[in-house]
There are 2 protein chains.
Amino acid sequence: MDANTFAKYEARAKIIKAMAHPTRLFLVDELARSGPRCVCELTEMVGADISTVSRHLAILKGVGIVEDQRRGAQVYYRLRVQCVLDFFNCVESVLKCNLVDQRRLLVSEP
Amino acid sequence: MDANTFAKYEARAKIIKAMAHPTRLFLVDELARSGPRCVCELTEMVGADISTVSRHLAILKGVGIVEDQRRGAQVYYRLRVQCVLDFFNCVESVLKCNLVDQRRLLVSEP
DNA sequence: CGAATGTTTGCAAGTTTAGCCAAATGGGCA
DNA sequence: TGCCCATTTGGCTAAACTTGCAAACATTCG
């Protein structure tokens, strides 16, 4: 794989990596189904230090998954692309597939 | 976020994290568009140590994205779910969106 | 069996990431 | 201006990830 090709995959991996964390996944999911939220609201939902949540949001913003907008003293974040829900659907497929295979191992012979 | 909810997102994040690496993304992409490949073929395409590629494949297998099958001396890997291409499509959307915004910053005023 | 080929695993070093506390910044308001 | 609230950033430590080399395993072939 030449440097150019690697760079292409690296750019894509960065975006995926931004979602590869439980808290960030939760944040994306929450923004996807409930619309824009300010950092304080999200922090309360997550239940972690506000600085931690802020950093997670900064990571998502850095790769272009979310965008922020200041409203007075608060900063609101919202999804920038809709298709992230496809991620969830596919992940569900994998989990479901895993479950089916695990059950097969329990019930029948290898 | 209670422990149960966190565990749910954690399980999903693990699957996403498996794809959050340039080499593994390449491997998934290759398997998606060219079908099953053995470790040696993939190793040559990637251009890294075979032990490294083997480990990456093991990670993908560990979360259920790929499965392996021995054929004589070689081990062939193949995708276990089709929808991973949705990942790529969405990532492209994000990249495209980023590009549009960058151009807007260049051309017009903030 | 012994050699050759293909793959996985143990190990060690270097790099990255997550989380918290404290300090700094930005905006609204008396 | 000075204070308060919301958010971000710096600094630090512990944990996780990545990688190549070498050794161990697996399988085929002579």
Side-chain angles (χ1 to χ4, degrees), chain A residues 1 3 6-7 9-28 30-31 36-78 110, chain B residues 1 3 5-7 9-28 30-31 36-63 65-78 110:
Chain A
M1 183 162 41
F6 184 82
Y9 283 98
E10 195 175 30
R12 283 147 184 79
K14 269 184 193 164
I15 294 174
I16 296 178
K17 186 182 293 187
M19 306 205 28
H21 187 286
T23 301
R24 294 198 290 270
L25 207 52
F26 170 85
L27 292 170
V28 168
E30 180 59 31
L31 295 177
R37 287 277 176 274
C38 71
V39 181
C40 54
E41 290 174 312
L42 294 169
T43 296
E44 186 175 347
M45 294 187 222
V46 169
D49 194 282
I50 188 174
S51 70
T52 299
V53 174
S54 175
R55 238 182 265 266
H56 281 310
L57 288 167
I59 290 172
L60 290 171
K61 177 185 166 190
V63 301
I65 293 178
V66 305
E67 59 190 357
D68 61 346
Q69 183 190 16
R70 190 143 211 142
R71 297 190 200 169
Q74 287 139 344
V75 177
Y76 278 75
Y77 281 87
R78 70 170 162 210
Chain B
M1 181 162 43
T5 306
F6 184 82
Y9 283 99
E10 195 175 31
R12 282 147 185 78
K14 270 185 192 165
I15 294 174
I16 296 177
K17 185 184 292 188
M19 304 206 29
H21 186 287
T23 300
R24 293 199 290 270
L25 207 52
F26 170 84
L27 291 170
V28 169
E30 180 59 30
L31 294 178
R37 286 277 177 274
C38 70
V39 181
C40 55
E41 290 173 314
L42 294 168
T43 296
E44 186 175 346
M45 295 186 221
V46 169
D49 195 281
I50 188 175
S51 70
T52 299
V53 174
S54 174
R55 241 181 267 265
H56 282 310
L57 288 167
I59 290 172
L60 291 171
K61 177 185 166 189
V63 300
I65 293 178
V66 305
E67 59 189 356
D68 61 346
Q69 181 189 17
R70 189 142 213 145
R71 297 189 201 169
Q74 289 137 345
V75 176
Y76 278 75
Y77 282 87
R78 71 170 162 211

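Each chain gets a letter, A, B and so on, in the order the sequences are listed, and its residues count up from 1.
Annotation for V66(B) and L57(B): closest pair CG2-O, 4.0 Å, computed over non-hydrogen atoms. Across all non-hydrogen atoms, the minimal contact from Y77(A) to L31(A) is O-CD2, 3.4 Å. When all heavy atoms are compared, the tightest approach of I65(B) to A18(B) is CD1-CB, 4.1 Å. Across every non-hydrogen atom of L25(A) and A13(B), the tightest pair is CD2-N, 3.5 Å. Closest heavy-atom contact between V28(A) and M19(A): CG1-CE, 4.2 Å. Nearest heavy-atom pair, P22(B) versus F6(A), reported as atom, atom and distance to 0.1 Å: CB-CE1, 3.7 Å.
Atom CD1 of I50(B) and atom C1' of dT9(C) are 13 Å apart (whole Å). Between the CD atom of E44(A) and the C1' atom of dT7(D) there is a distance of 16 Å, rounded to whole Å. A straight line from CG of L42(B) to P of dT8(C) spans 11 Å, rounded to a whole angstrom. With rounding to whole Å, D49(A) atom CG is found 13 Å from dT9(D) atom C1'. Put simply, OH on Y76(B) is 13 Å from P on dT8(C), counting in whole angstrom units.
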Atom pairs, N/O to N/O, protein against nucleotides 11-16 of chain D, distance under 3.5 Å?
unit_1  : atom_1 : unit_2 : atom_2 : d
dG11(D) : O6     : R55(A) : NH2    : 3.3

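Here R55(B) pairs with nothing under the salt bridge (charged side-chain N to carboxylate O under 4.0 Å, His left out) rule; sequence neighbours left out. Taking the ring pair (Phe, Tyr, Trp, His ring centres under 6.0 Å) definition, one finds that Y76(A) meets it with nothing, sequence neighbours left out.
Take the nearest nucleotide of DNA chain D for A58(A) and for Q74(A): the residue whose nucleotide is more 5' is Q74(A).
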**Asked** When every nucleotide of nucleotides 25-30 of chain C is labelled 5' to 3' by its protein contacts under 4.0 Å (heavy atoms), B for base, S for sugar-phosphate only, - for none, what sequence of letters results?
**Response** --SS--

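Using a 4.0 Å cut-off, some side-chain N or O of H56(B) falls inside it from OP1 or OP2 of dT19(D). Proximity of H21(A) to the phosphate of dT16(C): no side-chain N or O atom is located under 4.0 Å from OP1 or OP2. For the OP1/OP2 pair of dG20(D) and a distance below 4.0 Å, the side-chain nitrogens and oxygens of T52(B) include at least one atom meeting the criterion.
Proximity of R78(B) to E67(B): side-chain heavy atoms (C-beta onward) are separated by under 4.5 Å at one or more points.
Within 4.0 Å (heavy atoms only), Y77(A) reaches sugar-phosphate atoms of the nucleic acid but no base atom.
Taking only side-chain atoms of V39(B), from C-beta outward, the nucleotide of dT7(C), dT7(D), dT8(D) with the closest atom is dT7(C).
The bend of the helix from dC1(C)-dG30(D) to dA30(C)-dT1(D), defined by the angle between the axes of its first five and last five pairs, stands at 20° to the nearest 10°.
Judged as a side-chain hydrogen bond (donor to acceptor under 3.5 Å, both in side chains), the pairs with a partner in residues 14-25 of chain A (not counting sequence neighbours) are, in order, R24(A)-H56(A).
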